[in-house]
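The structure appears below as C-alpha cells.
Lettering follows sequence order; numbering is per chain, from 1. Computation of the quantities below employed the complete heavy-atom set of this structure, encompassing side-chain atoms and omitting hydrogens, waters and symmetry-equivalent molecules.
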There are 2 protein chains.
Amino acid sequence: MISVAVDTMGGDYGEKPIMQGLVQALREKAFKAILVGNEKRLKPLIPNDLMQYISFEQADEIFPMEESATEALKHKQSTIYKAVELVREKKAQAVVSAGHSGATMSLATLRIGRVKNVVRPAIATLMPNTHSKTLFLDVGANVDCKSEHLFQFGVMGEAYAKVLMNIAKPRIALLSNGEEETKGNELTKESHLLLKQLESFVGNAEGRDIFNGSIDVLVCDGFSGNVILKACEGTATAIFKILKSEVKQSLLASLGAMLMRGVFSKLKKHIDWQEYGGAPLLGINGCVIISHGKSDARAIKNAMLQALLFSESNINKVIEDELAKYDK
Amino acid sequence: MISVAVDTMGGDYGEKPIMQGLVQALREKAFKAILVGNEKRLKPLIPNDLMQYISFEQADEIFPMEESATEALKHKQSTIYKAVELVREKKAQAVVSAGHSGATMSLATLRIGRVKNVVRPAIATLMPNTHSKTLFLDVGANVDCKSEHLFQFGVMGEAYAKVLMNIAKPRIALLSNGEEETKGNELTKESHLLLKQLESFVGNAEGRDIFNGSIDVLVCDGFSGNVILKACEGTATAIFKILKSEVKQSLLASLGAMLMRGVFSKLKKHIDWQEYGGAPLLGINGCVIISHGKSDARAIKNAMLQALLFSESNINKVIEDELAKYDK
C-alpha cells in the first residue's frame with residue numbers, strides 16, 4: 001500500500017481542511033497516511049474507522065511563509081522538513097504539502113534528490129482548457145533557465161501526459177511570442193532547436209493556446225510560467241468581480257444571474273484549480289505534490305489522489321529512460 | 001492642426017474599417033489625415049463634407065504579414081513605410097497602423113528615430129482593471145532586455161501615466177513572481193534596484209495586479225509582456241466560450257443569459273481592447289500608434305483620438321528630461 005507523508009501544518013488555514021481532505025481521499029481509496037504534525041491535535045480529526053490507515057510523525061514547527069527557501073535546511077523540526085525526510089528514508093513514497101512551496105522544492109531537491117539525468121526539477125500545473133486540461137511547466141521552480149532545462153521540461157511533461165493523463169500522443173509546445181520558429185527570445189529560440197528532437201513537439205505556442213485545447217503540454221521558464229499563472233487567475237477574478245457588480249445594479253440581471261446559477265457553478269468548477277489537486281514537482285526521485293496554500297478540503301483530497309496515481313505509476317522511470325536517450 | 005498619417009491597408013480586414021474609424025474620429029475632433037494607400041479606392045469611402053481634412057499619399061503595397069520585420073526597410077512602396085516617412089519628413093506628427101507591428105516598430109526606430117536618451121522604444125498597452133486601466137509595457141518590442149531597458153520603460157510609463165492618463169502620482173511596479181524585493185529572475189532583481197530611483201516606484205507586482213487596480217503602470221520585458229497579454233486574452237475567451245456552451249444546454253439558463261444581456265455587453269465593453277485604441281510605441285521621436293490587425297472601426301477611431309492626444313501633449317519632452325536626470 002502506498003504511504004503518503006502529509007504536511008499537516010503548512011496550509012494557510014491550518015490543519016482542518018487538510019485533515020478533511022485526507023479523510024475524503026481515504027473514503028475513496030485505501031492508502032497509508034503519515035501525518036506530520038501535532039498528534040494530539042490531529043487525532044480528534046480522524047474518524048475511528050480510518051485510524052488503521054494513519055500513523056504520526058511528531059513535528060511542531062511551521063516553516064514560516066516569509067522565510068527564504070534557502071533557509072529550509074535549517075528548520076529541521078518543521079513539518080515540511082520532516083515530511084520530506086520520510087520520503088528520503090523510504091518510509092513514504094509521496095509527500096503532499098500546502099506550505100512554503102520554495103522550501104518544499106528545495107528540500108525535495110536537496111534531501112530526496114533528482115531522478116537520474118534530470119538537471120532541474122520543475123513545477124507542473126494543470127490548467128483548464130475548453131476541452132480538458134493543459135499541463136503547464138515550469139511555473140516557478142526555476143526563474144532563470146537555460147535551453148537544456150526547457151528541453152528536459154518538455155521530456156518530463158511528455159512523460160506526465162503519457163503516463164498520468166493517458167494521452168498516447170501528447171502535443172508538446174514551447175511558449176513563445178509567436179508561432180513561427182524564428183519568434184522568441186534567445187532562450188526560446190535555442191530551446192526550440194533542442195525540443196525539435198522530440199517526436200511529440202508541435203512547435204511554438206502562444207499564451208492563448210493554454211486554453212483553447214490545441215496543445216497538451218506547454219513548456220516555459222519558471223519566471224514566465226509563474227507570472228502567466230497569476231495573470232490568468234487575475235483575469236478570471238476580474239471578470240467575475242465586474243460581472244457581480246454589474247448584476248447588483250439591475251433587478252432583471254439579478255434574476256438572470258439566478259437562472260444561470262447552475263451554469264456559473266459548472267464554469268467555476270471547470271476553471272477552479274481546487275479541482276485539479278496540486279502541482280507535481282517533476283524530476284524528483286519520489287513523488288512531491290505542492291498544493292496551494294489556500295487549498296480547501298477538496299483540493300487536498302485531489303492532491304492526495306494525484307499523489308497515489310503518481311506513486312503507483314512508473315513515471316520517474318520513464319523520465320529517466322527518455323532523458324538517457326538524448327544524453328548520448 | 002495635427003496631421004495623422006494613416007496606413008490604410010495594413011489591417012486584416014482591408015481599408016473599410018479603417019476608413020470608417022477615421023470618419024468617426026473626424027466627426028468628434030478636427031485634424032488632418034494623410035491617407036497612405038490607393039487614392040481611387042479610398043476616395044469613395046469619405047463623405048464630401050470631410051474631404052477638406054483629407055490628403056492622399058499614393059502607395060499600393062501591403063507589407064506582408066509573414067515577412068520578417070527586418071525586411072521592412074526594403075519595402076519602400078509599402079503603406080507602412082510611406083506612412084512612417086511622413087512623420088520622418090515632419091509632414092505628419094503621428095502615424096496609425098494596424099499592419100505588421102514588427103515592421104512598424106522597426107521602421108519607426110530606424111527612420112523616425114528615438115527620443116533623446118531612450119535606448120529601446122517599448123510598446124505600451126492599456127489593460128482593463130476592476131477600477132479603470134493599467135498601462136503595461138513592454139508587450140513585444142524587446143524580447144531580450146537588460147535592466148537599464150526596464151528602468152527606462154518605468155520612466156516612459158510614468159510619463160505616459162502623468163501626461164496622458166492624468167494620474168498625478170502614478171504607481172509604477174515591476175512584474176515579478178513575488179512581491180518581495182528578493183523575488184524574481186536575474187533581470188528583475190537588477191531592474192528592481194534601478195527602478196527604486198523612481199519616486200513613484202511601488203515595488204514588485206504579480207500578474208494578478210494588472211487587473212485589481214492596485215497599480216497604474218506595470219513594467220516587464222517584451223517577451224513576458226507579450227505572452228501574458230495573449231494568455232489573458234485566452235483566459236477571457238475560454239471563459240465566455242465555456243459559458244456559452246453551458247447556456248445552450250439549458251432553457252432556464254438561456255433565459256437567464258437573455259436577462260443578463262445588458263450586463264454582459266457592459267462587461268464586454270469594459271474588457272474589450274477595441275475600446276482602448278491602439279498601443280503607443282513609447283520612446284519614438286514622434287507619435288506611433290500600433291493597432292491590432294483585427295481592429296474594427298471603433299478601435300481605429302479610438303487609436304486616432306489617442307494619436308491626437310499624444311501629439312498635442314509634451315510627453316516626449318517629459319521622457320527626454322526625465323531620462324536626462326538619471327543619466328548623470
Side-chain angles (χ1 to χ4, degrees), chain A residues 66 68 128-130 140 143-144 175-178 180 182-188 206-212 220-224 226-239 241-243 245-247 249-250 252-253 255-264 266-267 270-271, chain B residues 66 68 128-130 140 143-144 175-178 180 182-188 206-212 220-224 226-239 241-243 245-247 249-250 252-253 255-264 266-267 270-271:
Chain A
E66 60 284 2
S68 163
N129 67 41
T130 46
V143 288
D144 289 295
L175 179 71
S176 192
N177 59 323
E180 305 85 352
T182 53
K183 287 273 183 141
N185 57 18
E186 281 173 27
L187 173 67
T188 56
E206 298 191 73
R208 65 174 72 94
D209 298 317
I210 300 173
F211 304 102
N212 61 19
C220 68
D221 68 280
F223 181 83
S224 303
N226 194 276
V227 293
I228 283 186
L229 199 65
K230 288 167 184 165
C232 295
E233 278 177 26
T235 307
T237 305
I239 287 177
K241 201 170 166 183
I242 296 168
L243 211 52
S245 91
E246 290 291 348
V247 163
Q249 290 168 42
S250 148
L252 272 185
L255 181 63
M258 264 171 60
L259 294 172
M260 282 184 73
R261 204 152 48 183
V263 165
F264 281 126
K266 267 189 201 162
L267 171 66
H270 186 84
I271 65 171
Chain B
E66 61 283 4
S68 164
N129 66 42
T130 46
V143 289
D144 288 295
L175 179 73
S176 192
N177 59 323
E180 305 84 352
T182 52
K183 287 274 182 140
N185 57 18
E186 281 172 28
L187 173 67
T188 56
E206 298 191 73
R208 65 174 72 94
D209 298 317
I210 300 173
F211 304 102
N212 61 19
C220 69
D221 68 280
F223 181 83
S224 303
N226 193 276
V227 294
I228 283 186
L229 200 66
K230 288 166 184 165
C232 294
E233 278 178 26
T235 307
T237 306
I239 287 177
K241 200 170 168 186
I242 296 169
L243 211 52
S245 91
E246 290 290 348
V247 163
Q249 291 168 42
S250 148
L252 272 185
L255 180 62
M258 263 171 60
L259 294 173
M260 282 184 72
R261 204 154 46 183
V263 165
F264 281 127
K266 267 189 202 165
L267 171 66
H270 187 84
I271 65 170

Residues in salt bridge (charged side-chain N to carboxylate O under 4.0 Å, His left out) with Lys230(B), at least two apart?
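Glu206(A).
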
Which residues pass the salt bridge (charged side-chain N to carboxylate O under 4.0 Å, His left out) test with Lys266(B), not counting sequence neighbours?
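Partners of Lys266(B) by the salt bridge (charged side-chain N to carboxylate O under 4.0 Å, His left out) criterion, ordered by chain and then number, come out as Glu246(A).
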
Atom NZ of Lys241(B) and atom CG of Asn129(A): how far apart are they, to the nearest 0.5 Å?
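Reported value, rounded in 0.5 Å steps: 9.5 Å.
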
Nearest-0.5 Å distance, OG1 of residue Thr237(B) to CZ of residue Phe211(A)
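If I round to the nearest 0.5 Å, the distance is 10.0 Å.
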
Heavy-atom pair count under 4.5 Å with chain B, highest-scoring of [options]:
options: Asp209(A), Val227(A), Val247(A), Leu229(A); result: Val227(A)
options: Ala238(A), Ala253(A), Ala231(A); result: Ala231(A)
options: Val143(A), Leu252(A), Ile228(A), Asn185(A); result: Asn185(A)

Would you check if the side chain of Asp221(A) reaches a backbone N or O of Asp144(A) as a donor-acceptor pair within less than 3.5 Å?
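Here the side-chain-to-backbone pair does not exist.
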
Which atoms of Asn212(A) are under 4.5 Å from chain B, going by heavy atoms: the side chain, the backbone, both sets, or neither?
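No part of Asn212(A) comes within 4.5 Å of chain B.
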
Is it the backbone or the side chain of Thr188(A) that comes under 4.5 Å from a heavy atom of chain B, or both, or neither?
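Contact with chain B involves the side chain of Thr188(A) alone.
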
Out of [options], which one racks up the most heavy-atom pairs below 4.5 Å with chain A?
options: Gly184(B), Ser245(B), Pro128(B), Gly207(B); answer: Gly207(B)
options: Leu255(B), Ile210(B), Ile239(B); answer: Ile239(B)
options: Ser68(B), Ser176(B), Ser250(B), Ser224(B); answer: Ser176(B)

Is it the case that more than 12 heavy atoms not belonging to Glu186(A) sit under 6.0 Å from its CD atom?
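Incorrect, the count does not exceed 12.
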
Which atoms of Asn226(B) approach chain A - backbone, side chain, both or neither, heavy atom under 4.5 Å:
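Just the side chain, heavy atoms under 4.5 Å.
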
